There are 2 protein chains.
Amino acid sequence: MNEIPLFTPARVGRASEDVALQLEAAIVGGKVAPGQSLPSERELQNVFKTGRGVIREALMMLRQKGMIEVRKGAKGGTYVKQIDVANVSESLALFLRQKQVEPRHVIDFRESMDRSIAMMAIVHASSAEKQALAEGSKALLAMALVPETDQHELGEKDRELNLLFARMSRNPVFEWVMGALQMGFSSQDYALYEDAYFREQTARNWVDTAAALAAGDLMRCSACIGRHYLLLRDCVASCAAQADVAELLDRSDAAMTGTSLTKEYPDQADPPKYERKEKECL
Amino acid sequence: MNEIPLFTPARVGRASEDVALQLEAAIVGGKVAPGQSLPSERELQNVFKTGRGVIREALMMLRQKGMIEVRKGAKGGTYVKQIDVANVSESLALFLRQKQVEPRHVIDFRESMDRSIAMMAIVHASSAEKQALAEGSKALLAMALVPETDQHELGEKDRELNLLFARMSRNPVFEWVMGALQMGFSSQDYALYEDAYFREQTARNWVDTAAALAAGDLMRCSACIGRHYLLLRDCVASCAAQADVAELLDRSDAAMTGTSLTKEYPDQADPPKYERKEKECL
DNA sequence: TTGACCCAAATGGTAGTACCATTGTGCCCG
DNA sequence: CGGGCACAATGGTACTACCATTTGGGTCAA
C-alpha cells in the first residue's frame, strides 16, 4: 500500500513552490548559515529566471515557516533566522483549535508530561535550579495572597514556573512541547487565578511541589502534580458551565449579524462589507 | 516585565500580513466553514482595496499554514481546509532539525510518552484494539523473520503500530504529538530494522508489549517499552558511530564544492550558479 | 436522444514595469 | 569635526497583460 503515485503531475503550476523548496534545501543543507542573507529579490529573479512575484511568494512561504526574516532598506534583504519555538506553538495551537480538541485531553497530556518531567528533574536538575523553583513558587504565593494582584500577572508567573520546571528535566524537547502547549492554552491557566480559592490553593500547591522536588521526594511531587491538575480540571469545569451560557447567547447573537465572507449569496447583491479601517494611511 | 510595547510601529509595510490576519480571523472565527471558498483573488483585491500581489502573498501564507487549498480553473479559488497534523509535524521537524537536537533527547521524550500512553491504553482501550495491536505485532514479527523484507516496509509497519498504540490512549493529543515526532525522525526507526539482530529483537519485543497490554500488566508493558528504547538507543549509537565517519567525509567533500548561495563574494564576479534543471518546461 | 466536440468564461499563475518607502553610506558644506 | 543631505540598494505596492487550466454549456452529428 501507499505506493508512490506513478504519474505525478509534473510541474503543474506553482513555480513559487519550486523556488521555495530549493531555497529551503539550501538553508537546511547549511549552504546559508543563520545570520547570512540570501541574494536580493531582483537577483533571485535572475537566478531562477522568473518573475519577481514568484520570488516574493516563495520568500513569504519561508517567512511563514520562520526560516527567514525580511528587512527593508539598504543592507536589507532576507536573512536566515533561527526558527523560534513560537512557530511550532502557533502551528500546534491552530491545529488544536481547529480540531476542537477537548480541554480535558490537553490537560491529561500536560499532566502526564509534568509527571515525566518531575521524574527527570529530580535526577538531573541542579540544586540551584531547585532552589530557584522553590523561591519562584514562594513569590507566586506571596503575589496570590494579595487580593489586588492581576490574574494575568499570576498567570504569567505560573507560565514562567512551568517553563523553569520543564527546563529542569534537562531535555529541551520537554521544554519546547510544554511551551508550545502553553502558548495555545494560556487562557486556561489564567482562569485558575481568577477565583480566590483556586488561586491560593494552586499557589500553595506550587510551593509544595517545589519543596518535594528539592527534597527528591518523587511520590510527594507526583501527588502535588495530581493535585494541581485536579484543581485545574475543577476550575475548567466550572468555567465551562459559565461559558456554555455565554456561548448560547453569543451564538444567537452571531446568527443575527450576517457578516459572511463566503460565496453563498444567492440573491444578495452586495456581498462582504469589510470596512478597511487601517488603510487611510496611504 | 514583558509589557506590551507602548508604540507599536503602526502599519509599517506588509499589507499582506494585514490581509492574511483578517482572512485568518474570518476562518477561525467560523465565518467561512471548511469546504467553502473565499472570494476570488480579483474580488478580494477590490474588497481590500489593494493590488493582487498582496492578496496572493496573503493567500500563500494561509496556504503554508495549511488553512486553505487553492485550485485553478473555473470553480477554482481558495477553499478552506481542515488543517492536517502533517503541518504541525513539518513545523516541529524543521524546528528540531535546525536546533540540532540530540536524538537522545527525542528518544527520551518518546519513551516517557510511550509509558504514559501504555498507562492510559490499559485502562481505556477496547479489547478489539488490544487484539488488533497483538495481531499487528505478530504480523510485524513474521515479516521481520523473512530476511528479504525491506527495512522501509518494516519501518512503515512499526510506525503504524506506534500510531495504533497511541490511539489506544483515547487521547488524540498523544496520537498527534507522536505522529508529529515520528514524521521527523522516521529514519531512526527505519535504522532499527536494518540489522538482523535488532530487527528480530524489536519485533519480538513488540509482540511482548502487545501481550502485556492485552493482559493489563502495566509492569511488564513498561518493561517492554524500556527494552524497546534500549534497543533503539543501542542502534542509534552504533549508527552514529558510522555516521560520524560518513559526516567527516561528507564535510570535506562539501568544502570542495563551493556552491554558495550567500552574499559573501568579496572578489568573485559571478555569484551563485544555480543550474535550473526543472525549468525548460516552459 | 445521445454522444462527442468545441468554445467561452472564470480563475489562478506568471511576467514585467513603474513607482513608492525605508534605510544605510558617504559625500559635502558649514 | 559634525550635521545634514543626496544617493543607491532593497523591499513593498499597484497595475496591466497574458498564459494555463478547468468547468459548463452550447452545438453539431450519428
Side-chain angles (χ1 to χ4, degrees), chain A residues 7-23 36-64 68-81 262-263 265 271 276 278-282, chain B residues 8-23 36-64 68-81 262-265 271 276 278-282:
Chain A
F7 295 109
T8 160
R11 288 297 97 232
V12 52
R14 221 78 85 173
S16 54
E17 198 138 354
D18 200 11
V19 172
L21 244 39
Q22 293 196 41
L23 289 177
Q36 287 184 317
S37 77
L38 269 55
S40 72
E41 294 180 358
R42 289 169 177 86
E43 282 181 70
L44 287 174
Q45 192 177 348
N46 292 329
V47 169
F48 286 106
K49 296 275 177 274
T50 181
R52 199 169 150 216
V54 169
I55 300 294
R56 284 185 61 80
E57 283 169 21
L59 292 178
M60 275 300 164
M61 293 195 245
L62 297 189
R63 202 175 78 90
Q64 183 60 40
I68 62 174
E69 177 194 356
V70 179
R71 288 202 285 267
K72 279 206 293 194
K75 285 292 188 305
T78 62
Y79 288 80
V80 176
K81 211 180 67 169
T262 75
K263 274 182 176 171
Y265 326 96
R276 293 282 298 151
E278 294 87 308
K279 212 50 183 169
E280 69 271 8
C281 60
L282 34 97
Chain B
T8 161
R11 288 295 99 235
V12 52
R14 221 78 83 171
S16 54
E17 197 137 357
D18 199 11
V19 172
L21 244 40
Q22 293 196 41
L23 289 178
Q36 288 185 318
S37 78
L38 268 55
S40 74
E41 294 179 358
R42 290 171 176 85
E43 282 181 71
L44 287 174
Q45 191 178 347
N46 293 329
V47 170
F48 286 107
K49 295 273 177 279
T50 181
R52 199 168 150 217
V54 170
I55 301 294
R56 283 184 62 79
E57 283 170 20
L59 291 178
M60 276 299 163
M61 293 196 243
L62 297 189
R63 201 173 79 90
Q64 185 60 42
I68 61 175
E69 177 194 356
V70 179
R71 289 202 285 266
K72 278 207 293 193
K75 284 295 188 313
T78 62
Y79 288 80
V80 176
K81 211 179 67 168
T262 76
K263 275 184 176 172
E264 329 302 317
Y265 323 97
R276 293 280 299 150
E278 294 89 305
K279 211 49 184 172
E280 70 271 7
C281 60
L282 33 98

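All values reported here derive from a predicted model rather than from experimental measurement.
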Rounded distance in Å - NZ (B/K72) to P (C/dG12): 11 Å
Which atoms form the tightest heavy-atom contact between A/A58 and A/S16, and what is the distance? CB-O, 3.4 Å
Between D/dG12, C/dT11, D/dA14, which nucleotide has the shortest distance from any of its atoms to the side chain of B/R14? D/dG12
Heavy-atom distance under 4.5 Å between the side chains of B/D18 and B/R14, does that happen here? no
For C/dG13, does either OP1 or OP2 sit under 4.0 Å from a side-chain N or O belonging to A/S16? no
Does the salt bridge (Lys or Arg N to Asp or Glu O under 4.0 Å) test come out yes or no for B/R52 and B/E41, once each step is laid out? CA-CA 7 Å; B/R52 199 168 150 217; B/E41 294 179 358; 2.9 Å; yes
Could you tell me how far apart A/Q45 (CD) and D/dG12 (C1') are, to the nearest whole angstrom? 14 Å
Looking at C/dT14, C/dG12, C/dT22, which one has an atom nearest to any side-chain atom of B/V70? C/dG12
In a check of side-chain contact (heavy atoms from CB on, under 4.5 Å) between B/M60 and each of A/M61, A/R56, A/Q64, which one passes? A/M61
Starting at CZ of B/R52 and ending at P of C/dG16, how long is that distance when rounded to a whole Å? 16 Å
When rounded to whole Å, the NZ to C1' distance for the pair B/K75 and D/dT23 reads 7 Å
Could you check whether the side chain of A/R71 and the base of D/dG11 have a donor-acceptor pair of N or O atoms closer than 3.5 Å, going by distance alone? no
Taking for A/A74 and for B/M60 the nucleotide of DNA chain C with the nearest heavy atom, the one nearer the 5' end belongs to B/M60
C/dG16 P sits how many Å from A/R56 CZ, rounded? 17 Å
Rounded distance [0.5 Å steps], OG1 in B/T50 versus CD in B/Q45: 7.5 Å
Note every stem involving DNA chain C: at least three consecutive Watson-Crick or G-U wobble pairs, i with j then i+1 with j-1, with both distances under 3.5 Å. C:1-30 with D:1-30
Which nucleotide in the list D/dT10, D/dA14, D/dG24 gets nearest to the side chain of A/E43? D/dT10
Just how far, in rounded Å, is P of D/dG12 from CZ of A/R63? 8 Å
Heavy atoms only, 4.0 Å cut-off, all strands: where does A/G73 land among base, sugar-phosphate and nothing? base
Picking from D/dA9, C/dT14, D/dG11, the nucleotide nearest the side-chain atoms of A/E41 would be D/dG11
Base of D/dG11, side chain of A/R42 - is there a donor-acceptor contact under 3.5 Å? yes
How many angstroms lie between CD1 in A/I55 and CZ in A/R42, if you round to the nearest 0.5 Å? 12.0 Å
Assess whether a salt bridge exists between A/E17 and B/R63, defined as any Lys/Arg side-chain N lying under 4.0 Å from an Asp/Glu carboxylate O. yes
Measure CZ/A/F48 against P/C/dA15 and give the value in whole Å, please. 13 Å
Between P of D/dT10 and CD1 of A/I68, the distance in whole Å: 15 Å
